[in-house]
Amino acid sequence: MLCIPLNQRLKFSNDLSKIKVDQKKLEQMDQENQPQPENPLLALLR
């Protein structure tokens, strides 16, 4: 069994959660930067 001090475990979990948040932000930015598919119904109205 691994013996990791509590403060190290807390720091590790804190770092992990920061990474998760950053990943979510990057995913959102990625989706915003992708061109949205044109709605064919809107194209008909033009």
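Predicted, not measured: the structure shown is a model, and the values here were computed from it.
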Between Val21 and Lys25, is any pair of side-chain heavy atoms under 4.5 Å apart? yes

Distance col, row Ile19:CD1 vs Leu26:CG, nearest 0.5 angstrom, shows 11.5 Å

State the CG-NZ distance between Leu16 and Lys11, to the nearest 0.5 angstrom. 10.5 Å

Spacing of CD1 belonging to Ile4 relative to CG belonging to Leu10, to within rounding of 0.5 Å: 11.5 Å

With a 4.0 Å cut-off, would you call Lys18 and Asp22 a salt bridge? no

